[in-house]
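Labels below follow one simple rule: chain letters A, B, ... track the order of the sequence lines, proteins then strands, and each chain is numbered from 1.
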Amino acid sequence: MKKILVVTIMLLSVILLTSAFAPANQETLTIAARGGSHVDAMEAVKGEFETANNVKIEILGLESADLKQKIGLDSVNKTGQLDLIMIDDPWMPEFAESGIMANLTEMGYVEDEDFAAPSRAIGKDPYGEGDVYALPYSGNVMLFFYNKDLFDSKSLSVPTDWKSVLDIAKQMKSDGKIGYVIRGQQGNPIVTDYLPILWSFGGNVFDADWNVTINSPEAKAALELYMELLANGVNYEKNDIVAAVSEGKAAMSLGWPSWYISGADAKAAYAPIPGKVDADSELHGSGMIGNWMMAVTANSHNKELALEFLKFVTSAENQKIEATFGGVPTRASVLTDPELTAKYPYFPTLLEATNNSVVRPRTPLWSNVETALGTELSSAISGVKTVDQALTDAAAAITAIMAE
Amino acid sequence: MKKKTSWYKIILIGILLIWTLFPIYWMISLSLRNSAELRSSIPLIPQSFATEHFSRLFTEKDFGRALFNSLQVTVISLFFALAFGLATAYILSRKRLKITGGDVSLFWILLVRILPPIAFAIPLYLIMTRLNLIQTKIPIISAHIMINIAFIVWFMITFFITLPEEMEDSARIDGASEMQLLTKIIFPLVMPGVASVAILAFMTSWNEYLYGVIFIQSPKNYTIPLILATLNSEQELADYGLIAAGGTISLIPILLFVIFAQNYLISGLSSGAVKE
Amino acid sequence: MSLPTVIILAFLTVFPLGYTIYYSFTNFNMLKPKTLKFIGLSNFEKILADSYFQQALLNTLKFMVLAVILETGIGLLVALLVNSLTKDQKIIRTLLLLPVVLPPVTVALIWRIMLSNNYGIINKLLELIGIAPVSWLNDVRTAFYCILVIDVWQYMPFAFLLIYASLQSVPESQYEAAQIDGANAFHRFWYITIPNIMGGIVLVILLRSIDSIRLFDKVNILTRGGPANTTATITQYIYNYGVGNYRIGFSSAGAIVMTLIVLLISSLYVKRAFQRN
C-alpha cells in the first residue's frame with residue numbers, strides 16, 4: 001500500500017517535472033506591468049498586434065513595488081527578459097539617470113502632441129525638455145471628490161480655496177456628517193494627500209535649487225490646516241474613502257479618479273483640487289499628476305517591435321477600448337471624445353486637471369524622501385510630535401537623504 | 001481513562017474555535033456575497049449569494065493555471081525537501097557526520113532561515129541568469145527546497161534525538177539494513193513529527209511569495225500568491241470579493257493535504273506498533 | 001542521502017551569503033553597477049546611527065518578545081487541551097490549523113476589512129455592546145497591538161501543531177511507570193511531559209523568534225510602519241531605504257545587522273541544543 005503511494009508520488013513528480021523544466025522559446029515581447037486594470041486593458045487589445053506582427057505578447061502583472069524590483073533585476077542582464085516596462089511617474093528620474101530605458105527619439109519616434117503636455121513632459125529626460133524615453137500610458141491626476149447630494153441639500157457650491165473647504169467641513173460636522181476624509185496612513189498615502197494642500201499654500205518640499213523647504217511657514221500652515229480638516233473629519237483607507245463619499249456619509253476628500261473608475265458604481269462628484277488658501281490669495285497649481293508611463297528597455301532583444309507595440313497600445317483607437325476596462329486615457333482627443341464623455345462625464349475635468357497639474361519633485365531619491373516625510377507627517381497628525389517638531393525632523397531627514 | 005470531556009474544556013474549545021474561525025468565516029462569507037453588498041456596511045449574515053467572484057478569478061485572472069503551477073512547485077519541492085531533509089536530520093542527530101562540521105552545518109542550515117529572502121534572492125537571480133535557467137521553474141523550485149530543508153532538519157532533529165538508540169542497535173543485531181532500519185523502525189516512530197513538518201512545509205511552499213515574484217518570468221508560470229498580490233494596489237480599489245474568493249480557493253488544496261497528513265499525526269510510540 | 005542536502009544548501013547559500021557580505025561594504029546600486037565602489041563600514045555606520053532604524057529595531061524586538069511568549073504559551077495550552085480530548089480531536093486539530101495555512105496577503109487584507117474604521121465588522125460588533133468605534137490601524141495606541149493580535153491569530157496554530165506533535169512522541173511507558181510510583185497529575189506533567197516536549201517548545205520559540213523578527217507582510221499592507229512609525233520593523237526599514245531603491249549595498253548591510261541580532265538571540269538556543277547531545 002505504502003509502496004503504491006510512493007510510486008504514484010514519484011510518477012506524479014516526473015509528469016510535473018517534465019513541464020516544469022521546459023523553457024519557452026517563441027518570438028515574444030514581454031511586458032512588465034502593474035497588475036490590475038492595466039493588464040486587463042492590454043490583454044483586451046493585444047490580439048490585433050499579435051496577428052499583424054506574428055509575435056506573442058506576454059504581460060506580467062505585478063504589484064507595484066515588485067514591478068519596480070523586477071525591472072531593476074532585469075536591467076542587469078545583457079539581453080533582458082523584459083521588452084517593455086510600465087513606470088510609475090516618480091520612478092522616472094531614477095530610471096532616466098541609470099539609462100535602462102531606450103531613447104525613443106533616437107529610434108525615430110516623433111513626439112505626439114495629442115498626449116497632454118504635462119504627461120509628455122514626464123516621459124522626457126531631462127524632465128520636460130530632453131529626448132523622449134517613455135509614453136504616458138495611464139493618465140491619473142488627483143481630483144477633489146465630494147458628495148453632490150450633501151452639497152445640494154445645503155445649496156453649497158464647489159469650493160475653490162481651502163478655507164472654504166474647512167468651513168464646509170465644519171458645517172457638515174455640525175450636521176453629524178463627516179466633513180472631510182483624509183488619507184493619513186504613513187508612507188505614500190499621507191504624502192500624496194498632503195502635498196496638494198502644501199502646493200496650494202505656495203510651499204514645496206524643495207525650492208528651485210534643491211534646498212529643503214519642508215519646514216517653511218507655508219508648510220506649517222498647510223499641515224495645521226490638514227490637521228484641522230482631520231478634526232472635522234476622519235482618517236480612512238482608500239476603499240473606505242470611496243464608500244463614504246459615494247454614499248453620503250462623508251462630504252469631501254481628495255483622490256485618484258482610477259479608484260472611482262475601477263469601483264464599478266462608486267458615485268461622487270469631482271472637481272479640480274482647490275489651489276488657493278482663501279478667496280483672495282494667489283492661485284497655485286495643486287493637482288498632483290500620477291501617470292503610469294511605458295518605456296522600451298535598453299536591453300530589449302527587439303526594440304523596434306517593442307516601440308511599435310508601445311505606439312499601438314497608446315493609440316487613440318486603443319485608449320478608447322482600454323477605457324472600458326478601467327484604463328485612464330492620456331490623449332486629449334480621447335478625453336474629449338463625445339462617445340466616451342457621455343459614458344465617463346469626468347474625462348474633460350480630468351484633462352483640465354492634467355493641464356494644470358503639478359509633478360512631484362524630479363529626484364531619483366524621491367521614494368526615500370517620501371518615506372521620511374510620510375513618517376513625520378504621520379507623527380504630527382497622530383499627536384506624537386508637534387507640527388514644528390515634525391517638519392523640522394522631516395527637513396533634517398530629507399537633507400540627510402539628499403546629501404548622498 | 002477519562003469518560004467524558006468536562007464542561008470547562010468544552011467552553012474553552014468553543015472560545016478557541018470562535019476566535020480561530022471567525023476571520024475564516026468572514027473571508028468565505030465575503031467571497032459569496034455580490035459586489036453591491038460588499039460596498040460599505042457588510043452585515044454579519046450574508047444577504048445575497050453570488051459566485052461571480054469565483055468565476056471572475058478563473059476567467060479573468062487565469063486562476064486555474066496558477067493552481068496547477070502552485071501544486072507543481074509545492075509537490076516537487078516538498079518531495080525533495082523531505083527526502084534530503086529527513087536524511088540529513090537523522091544523520092546529524094546521530095552524530096554520524098564524523099567531520100567536526102556537524103555543529104557548523106547545523107548552524108549554517110539555520111542561517112538559511114534567518115537571512116532575509118531578499119539577501120538571497122538577488123545573488124541567486126544573478127546566478128540563475130548566468131546559468132540560463134531563469135526561464136524555467138528550476139530557480140523557484142530550488143528556492144522552495146532550500147527554505148524547507150532548513151526547517152525540516154531543525155525540527156526533525158528534536159524528534160530523532162528523543163529516540164532510544166538501543167532500539168536501533170538491537171535492530172542492527174537482528175540483521176536489518178540501514179534502509180530497513182530507517183523505513184521500518186525509525187520513521188514510523190517519528191511519524192507525528194514528519195506529518196506536522198510536512199504540513200508546515202507544504203504551507204510555506206504553497207504561500208511563498210518573495211522568491212516567486214523574483215524568479216517567475218512569465219504569466220504562464222504564475223503561482224497563486226502572485227495573483228493574490230496583484231489584487232491589492234495603491235491606484236485601484238481593493239476588490240475584496242476577488243481577494244476573499246482567491247483566499248478561499250487557495251485554502252482547499254492545502255486543507256486536503258492537512259486532512260491526509262493528519263492520519264499520521266498519531267503517537268508512534270503509543271499506537272501499539274512498537275512497544276519496548 | 002545527506003550529500004545532496006549539503007550540495008544544494010552550499011550552492012544556494014554560500015554564493016548568496018558571500019555576495020551579501022561583499023555588497024555590504026560597497027555602495028552597490030542595482031541600476032548603476034558601474035559606480036560600484038568599496039566604502040568600508042559606512043553603510044553600517046549609517047544604519048546604526050539612523051533614528052528610524054533604532055525605532056524599527058525597538059519595535060521589532062518588542063514585537064518578537066510579545067509574539068513569541070503569547071504564541072508559544074497559548075500554543076502549549078491548546079496542545080495540552082486538545083491532546084486531553086477524548087473525541088473529535090481530529091476535526092478540531094484541522095479547524096485550528098486553518099489560520100496558519102492561509103496566504104499572508106489574504107490574512108492581512110481580510111483583517112483590514114474587519115478592522116476598518118468605516119463599518120468594519122469588529123467596530124460594528126463593539127457598537128452592539130456600547131463601545132465607541134476605534135480607528136484600529138490609524139491610532140498610535142492600537143495599531144501595534146492589532147498587528148500583534150493578527151500575528152498571534154495566525155501563528156499560534158503553528159506553535160500548537162509542533163508542540164502537539166511532540167506530545168505524541170512522549171513514551172506511554174513512562175506515564176505508566178509514574179502511575180505505578182504514585183505520581184500525581186502535576187508531577188507527571190512536570191517530570192515527564194515537559195522534559196519530553198522541551199525540545200519541541202524551544203524549537204517553536206526559536207523558529208517564531210526568527211520569523212517574527214522578519215515581520216513585513218502585515219505591516220506593509222496594513223500600516224506601512226505607521227502611525228508615527230509605531231509599527232515600523234527592521235525588514236520594512238531595509239525595504240524602504242534599501243531594496244525599494246535598488247541600494248543593494250545598503251540593504252545587504254541591513255540584512256547582516258539583522259542576521260547578527262538573530263544569531264545573538266538564537267545562540268542561546270543553539271547552545272542548549274548541543275548540550276542535549
Side-chain angles (χ1 to χ4, degrees), chain A residues 63-65 68-69 71-76 91 94-95 97-100 178 181-190 230 234-237 239-244 247 249-250 364-368 370-372 374-385 390 393 396-397 400-401 404, chain C residues 27-35 39 42-43 46 49-52 55-56 105 109 112-113 115-120 123 133 135-143 216 219-232 236-237 239-251:
Chain A
E63 188 272 326
S64 18
K68 197 178 178 201
Q69 176 175 296
I71 295 171
L73 282 171
D74 192 57
S75 74
V76 303
W91 308 346
E94 224 169 332
F95 287 1
E97 183 195 54
S98 52
I100 66 167
I178 295 166
V181 194
I182 69 160
R183 192 159 74 105
Q185 296 89 53
Q186 184 169 324
N188 168 285
I190 194 168
L230 172 61
V234 288
N235 179 1
Y236 276 170
E237 188 273 328
N239 273 59
D240 289 333
I241 295 180
V242 172
E247 68 186 32
K249 185 182 176 186
L365 293 165
W366 175 249
S367 66
N368 283 355
E370 187 182 77
T371 306
T375 305
E376 298 303 336
L377 290 175
S378 173
S379 298
I381 66 158
S382 49
V384 172
K385 287 182 184 174
D393 291 354
I401 290 166
E404 285 182 22
Chain C
N27 66 345
F28 181 45
N29 180 317
M30 211 197 310
L31 289 191
K32 295 180 276 190
K34 290 199 185 88
T35 62
I39 53 168
S42 80
N43 283 328
K46 222 177 283 165
D50 188 341
S51 65
Y52 293 141
Q55 192 174 2
V105 187
L109 291 172
R112 186 164 85 188
I113 305 173
L115 290 169
S116 154
N117 48 347
N118 173 35
Y119 294 137
N123 273 341
S135 185
W136 298 106
L137 296 169
N138 290 324
D139 193 314
V140 272
R141 287 162 303 182
T142 52
F216 181 67
V219 165
N220 194 41
I221 292 176
L222 294 174
T223 62
R224 297 154 191 273
N229 239 10
T230 47
T231 60
Q236 201 219 4
Y237 174 89
Y239 202 91
N240 279 342
Y241 290 99
V243 183
N245 241 11
Y246 308 116
R247 294 159 77 208
I248 303 306
F250 188 82
S251 62

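Residues C:Y246 and A:G72 come closest through the heavy atom pair CE2-CA, 3.5 Å. The two residues A:S382 and C:A228 make their nearest non-hydrogen contact at OG-CB, 3.5 Å. Closest heavy-atom contact between C:N138 and A:N235: ND2-O, 3.0 Å. Scanning all heavy atoms of the two residues, the minimum distance from C:M30 to A:V76 falls at O-CG1, 3.7 Å. Taking both residues in full, the closest heavy atoms of A:E94 and C:L31 are given as O-CD1, 4.0 Å, listed atom of the first, atom of the second, then distance.
Judged purely by atom type and a 3.5 angstrom limit, C:N245 has no side-chain atom pairing as donor or acceptor with the backbone of A:S367.
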Open item on the list: The test is side chain to side chain contact (heavy atoms under 4.5 Å, CB included); show your working for C:N229 and A:Q186 and say whether it passes.
Closed with: CA-CA 8 Å; C:N229 239 10; A:Q186 184 169 324; 2.8 Å; yes
TODO: Please assess A:N368 against C:R247 for the test side chain to side chain contact (heavy atoms under 4.5 Å, CB included), listing each intermediate value before the final yes or no.
DONE: CA-CA 11 Å; A:N368 283 355; C:R247 294 159 77 208; 3.1 Å; yes
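At a 4.5 Å heavy-atom cutoff, the contact between C:S116 and chain A is made by backbone and side-chain atoms alike. Contacts of C:P227 with chain A are made by both backbone and side-chain atoms, with heavy-atom separations under 4.5 Å. For C:K46, the part lying near chain A is the side chain, with the backbone staying farther off; criterion is any non-hydrogen pair under 4.5 Å. For C:Y241, the parts sitting under 4.5 Å from any heavy atom of chain A are the backbone and the side chain alike. Looking at A:I241, there are no atoms closer than 4.5 Å to chain C (heavy atoms on both sides), in backbone or side chain.
With values rounded to the nearest 0.5 angstrom, C:Q55 atom CD is found 8.5 Å from A:T375 atom OG1. To the nearest 0.5 Å, atom CG of residue A:D393 and atom OH of residue C:Y52 are 6.5 Å apart.
With chain A as the partner, the residue from C:V140, C:N220, C:N117 showing the most heavy-atom pairs under 4.5 Å is C:N117. The choice from A:S379, A:A397, A:A400 that makes the most heavy-atom pairs within less than 4.5 Å of chain C is A:S379. Of the listed residues (A:K385, A:E376, A:E370), the one with the most heavy-atom contacts under 4.5 Å to chain C is A:E376. Heavy-atom pairs under 4.5 Å with chain C peak, among A:P364, A:P189, A:G374, at A:P189.
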